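Not measured: the values here are computed from a predicted model. Order of the sequence lines sets the chain letters (A, B, ...), proteins ahead of strands, with each chain counted from 1. All values below come from the heavy atoms of this structure, side chains included, with hydrogens, waters and symmetry mates left out.
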Amino acid sequence: MTDGGDLGWWGVLIAVMGGAIRVSTPYLFVSLGETLTEKGGRVNLGLEGILVMGAMSGYGTAVVTGEPWLGVIVAGCAGSALALLHGLICNLTRVNDIAVGISLFIFGTGLAFFLGKPFINPSAPRLPHLELGAWSTYPQVRSALEINALFIIGVVLAFALAWGLKNMKWGLILRTVGDSTEAATALGYSVNWVRTMGTVAGGFLSGVGGSFLSLYYPGTWNEGLSSGQGLMAVALVIFARWNPIYCFYVSLLFGGATALGPALQTVGITSNYYLYGAAPYFLTLGLLIYSSSTKHSLAGAPGEVSISR
Amino acid sequence: MTEKPAMATLPPPDVMVTDMTKRFGALVALDAVSVHFESGTFHALLGENGAGKSTLVKCLMGYYQADEGDISVNGVTQHVTNPRHAHHLGLGMVYQHFTLVPSMTVAENLVLGEEGLPSVINWKEHLEILEAFMQSMPFRLDLNRPVSSLAAGEKQKLEILKQLHLGSRFLILDEPTSVLTPDEADQILGLMQQLTDENRISVVMITHKLREVEAYANEVSVLRNGRLAGQGYVKDLTHADLIRMMIGSEKVSKPAVRTEASRREIAFEIRNLVVGNDKGLTAVSDASLQVKEGEIVGIAGVSGNGQTELVEALSGQRDEESGEIFVRGMKYGKTRSEMREFGINMLPEDPLNNSCVREMTVAENLAIRNFDQPPTTYAGCLINRGAVRRHGRDLIERFRIKTQGPDVRIETLSGGNVQRTVLARELAGDVEVLIVQNPCFGLDLNAVAEIRNRIMEARNGGATILLISEDLDEILELADRIIVMFEGHFVFETSREKADVHEIGRHMASHV
């Protein structure tokens with residue numbers, strides 16, 4: 001990015017697009033995870049804690065074994081374990097899933113900081129990426145087209161989940177449970193079991209999203225690693241109308257907003273850096289106001305999700 | 001019927017219930033009841049609310065385990081442990097509250113309950129099977145429509161189709177006509193009768209409507225207070241026999257007496273009211289009406305045609321998009337002070353949620369309208385709890401509310417008594433305008449008669465009353481003028497004298 005000057009404002013655009021792909025990956029995984037959880041009728045606000053826990057456990061595993069992909073899997077499993085805790089607690093009667101989620105958020109981050117202390121200094125091997133920009137002579141284009149492997153997996157997963165929710169047995173069951181407890185009970189499905197499984201699957205994906213933070217971008221482990229991606233993903237899912245494919249688009253949008261500040265820096269606009277850095281938070285607020293209304297409930301929301309009632 | 005050849009050959013199940021008893025704590029919900037549901041008959045279970053009809057079928061379906069007694073299917077004693085087990089025996093139930101998944105299509109809902117659903121669904125193949133199944137049925141639905149867009153009658157049909165598709169040959173229908181227009185009800189029950197006459201299925205219908213029993217059922221069993229009060233072939237029983245079995249020796253209160261009120265001025269008026277629903281669509285469009293003093297205007301219609309939104313707009317729970325409401329010629333803004341000044345009172349549907357505070361006591365709920373006025377308030381801001389309790393005790397007595405006392409939480413009361421409590425509160429003060437919605441929903445015959453009498457008394461006393469009800473019989477009994485609401489519009493109006501059930505029913509089902 002040394003000679004960003006030649007491309008001028010095009011450089012900003014390219015950097016935002018490249019950043020969108022890079023930064024959107026954790027948003028994508030967490031929002032897909034939250035979509036699965038909410039399709040089953042529960043909200044898991046603990047995803048931020050799961051994300052941080054995933055980042056820590058993935059990084060730690062990669063440091064110890066030298067195998068970044070093993071780190072991704074361990075991160076997913078750690079996420080599932082925390083989500084299972086959420087699911088089991090919510091199975092008890094009169095337990096509020098929002099409150100459990102908030103405690104899980106604090107518990108998950110705290111646990112990750114506690115267990116992750118020894119991994120702040122050593123460096124772990126990074127996840128691989130594809131050089132799709134090798135044809136270009138501009139370093140900006142080449143840098144923007146470094147597509148990481150998890151992003152590709154995430155995109156495939158978004159389309160696979162959208163297909164599965166419509167065409168697979170588990171998809172129909174999950175949607176039934178999330179839309180009408182009465183219907184699910186009458187059909188003989190165990191509502192709590194299905195919801196717990198939805199939460200666990202969502203936790204796995206969020207954990208994987210966390211491992212991206214520590215194993216690819218920014219690619220280190222420290223306590224300030226996550227900037228609220230796990231919480232913003234909840235807003236993102238509402239805006240994406242619980243549709244995995246929309247989750248992909250909205251993740252790109254959020255990724256682009258996050259990449260705005262650093263991109264402007266490359267063309268020498270450094271004033272208001274922190275203001276641009278807050279772009280994703282403004283976007284979250286703006287989208288939530290835009291998609292809410294006093295007059296009608298959210299279209300497409302699963303009937304049993306507490307935020308849509 | 002390529003997939004279920006059994007349906008065409010074997011006769012439907014023959015189910016026998018012997019000496020079944022079910023207790024909930026000290027309450028005996030079902031006391032040694034025996035019923036024989038013969039194969040291929042249309043059997044009605046008649047009784048008032050709380051008579052034990054639902055308990056009986058829930059034991060049959062495996063939701064509850066009976067404490068004593070046997071169930072036998074085709075002569076084999078069965079211990080039905082859960083609804084799945086009941087399905088395997090060919091027993092299926094259509095619930096009073098729809099158990100369809102609203103966001104899914106008709107096809108998805110039909111496929112959902114299938115046994116051995118493969119993990120990947122081949123929609124092309126399934127749609128072909130479902131299409132063939134639809135062709136074999138006396139009624140059809142478009143497979144690709146989302147359930148949320150179906151009318152109540154269509155949902156009921158889908159529930160029945162779903163059970164038949166799952167292979168149930170013994171269908172239990174729980175109050176199947178409660179959300180249907182008279183014509184829809186006749187159509188669905190007629191189809192059930194046709195299927196039983198062809199010996200394709202057996203039907204058990206839970207109902208409290210004598211007309212349906214007399215018109216469609218072959219056999220009837222009447223339950224009262226958990227006991228079998230009588231049974232037999234419908235053709236052998238008279239109307240009077242059925243009523244006697246249903247309510248026993250208790251006297252039924254006489255129907256309300258209507259005095260010839262001198263109709264005076266217009267007291268309540270709605271002009272061009274437009275109200276949206278939760279989805280942002282128009283629920284009430286351009287509604288206008290006038291109600292005079294001493295008049296009951298009844299709004300009839302099938303549930304879900306905008307009545308709830310209309311009542312919420314009148315009560316202040318929902319903002320209207322445009323239009324105005326006038327009381328005695330003055331604009332009504334739905335504030336508490338205006339309600340008091342104009343004497344506006346409301347009994348909305350589901351009163352426990354819409355006009356009570358669940359956690360508060362009966363006395364506190366009875367005082368909600370006037371607790372901030374003397375004598376229940378002194379020095380302008382302090383509440384006199386003694387006065388609240390006295391006021392509560394007085395109303396509990398006058399309106400015969402069954403409660404353990406003024407200090408128990410209102411949510412511990414039965415539905416009928418919550419209804420009575422709210423009615424007591426609303427009728428206690430100075431009633432000039434009364435808006436009531438489904439006031440007798442789910443009550444027994446005596447409570448119904450009593451509440452209707454109270455409403456009629458208020459009318460005879462000069463109150464202006466707007467009655468919104470899904471029960472056409474109630475409208476015909478009480479209203480001086482009848483308006484039919486369909487898809488948010490007032491589509492028809494008639495006076496009490498000229499009212500014709502069939503004409504009203506037609507308008508309830510469509511614009512004519």
Side-chain angles (χ1 to χ4, degrees), chain A residues 35 38-41 94 159-195 197-198 201 241-244 246 290-305 307-309, chain B residues 58 61-63 81-88 92-105 107-126 146-148 155 158-159 162-163 166 174 275-283 309 318-321:
Chain A
T35 301
E38 291 190 17
K39 275 282 182 195
R94 290 183 163 270
F159 284 89
L161 287 182
W163 185 83
L165 282 170
K166 239 198 174 96
N167 292 288
M168 294 186 72
K169 186 181 176 180
W170 64 260
L172 288 191
I173 296 175
L174 189 68
R175 284 164 57 205
T176 305
V177 168
D179 211 36
S180 166
T181 311
E182 279 182 357
T185 330
L187 288 165
Y189 295 120
S190 160
V191 172
N192 278 339
W193 165 255
V194 174
R195 288 193 177 151
M197 285 302 109
R241 295 272 174 264
W242 295 269
N243 179 333
Y246 290 174
Y290 171 77
S291 56
S292 64
S293 159
T294 52
K295 294 235 170 72
H296 54 84
S297 55
L298 292 161
E304 298 286 335
V305 168
I307 47 174
S308 68
R309 275 192 286 198
Chain B
K58 280 182 173 164
M61 286 301 295
Y63 279 95
T81 47
N82 59 48
R84 246 195 185 188
H85 186 188
H87 280 297
H88 284 295
M93 180 157 169
V94 174
Y95 300 86
Q96 195 174 2
H97 303 287
F98 295 124
T99 57
L100 301 166
V101 186
S103 67
M104 291 191 182
T105 64
E108 283 175 320
N109 269 286
L110 285 174
V111 162
L112 258 179
E114 280 179 19
E115 283 294 321
L117 190 64
S119 55
V120 176
I121 297 152
N122 181 343
W123 275 113
K124 193 166 167 282
E125 190 187 291
H126 265 92
V147 166
S148 51
K155 284 185 186 159
L158 179 53
E159 291 275 13
K162 192 169 88 179
Q163 287 304 324
L166 297 181
D174 189 0
V275 187
N277 67 9
D278 285 339
K279 291 190 181 120
L281 306 172
T282 304
E309 288 83 359
R318 184 182 286 275
D319 288 334
E320 61 266 18
E321 276 159 26

Margin query: side-chain contact (heavy atoms from CB on, under 4.5 Å), that's the test. Do B:Q163 and B:H87 meet it? Break it down for me.
Written below: CA-CA 9 Å; B:Q163 287 304 324; B:H87 280 297; 3.7 Å; yes
Next item on the list: Under the side-chain contact (heavy atoms from CB on, under 4.5 Å) rule, what do A:L165 and A:W242 come out as? Steps first, then yes or no, please.
Entry: CA-CA 11 Å; A:L165 282 170; A:W242 295 269; over 6 Å; no
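Residue B:W123 places its CH2 atom among more than 12 non-hydrogen atoms of other residues, nucleotides or ligands, all under 6.0 Å distant.
Per-residue heavy-atom pair counts under 4.5 Å with chain A were compared for B:M104, B:M61, B:E108, B:M93, and the maximum is reached by B:M104. In terms of heavy-atom pairs under 4.5 Å with chain A, the best-connected choice from B:T99, B:V111, B:N122 is B:T99.
Every residue was checked against the side-chain hydrogen bond (donor to acceptor under 3.5 Å, both in side chains) condition with B:N109, not counting sequence neighbours, and none meets it.
For B:L100, the part sitting under 4.5 Å from any heavy atom of chain A is the backbone (N, CA, C, O) and nothing else.
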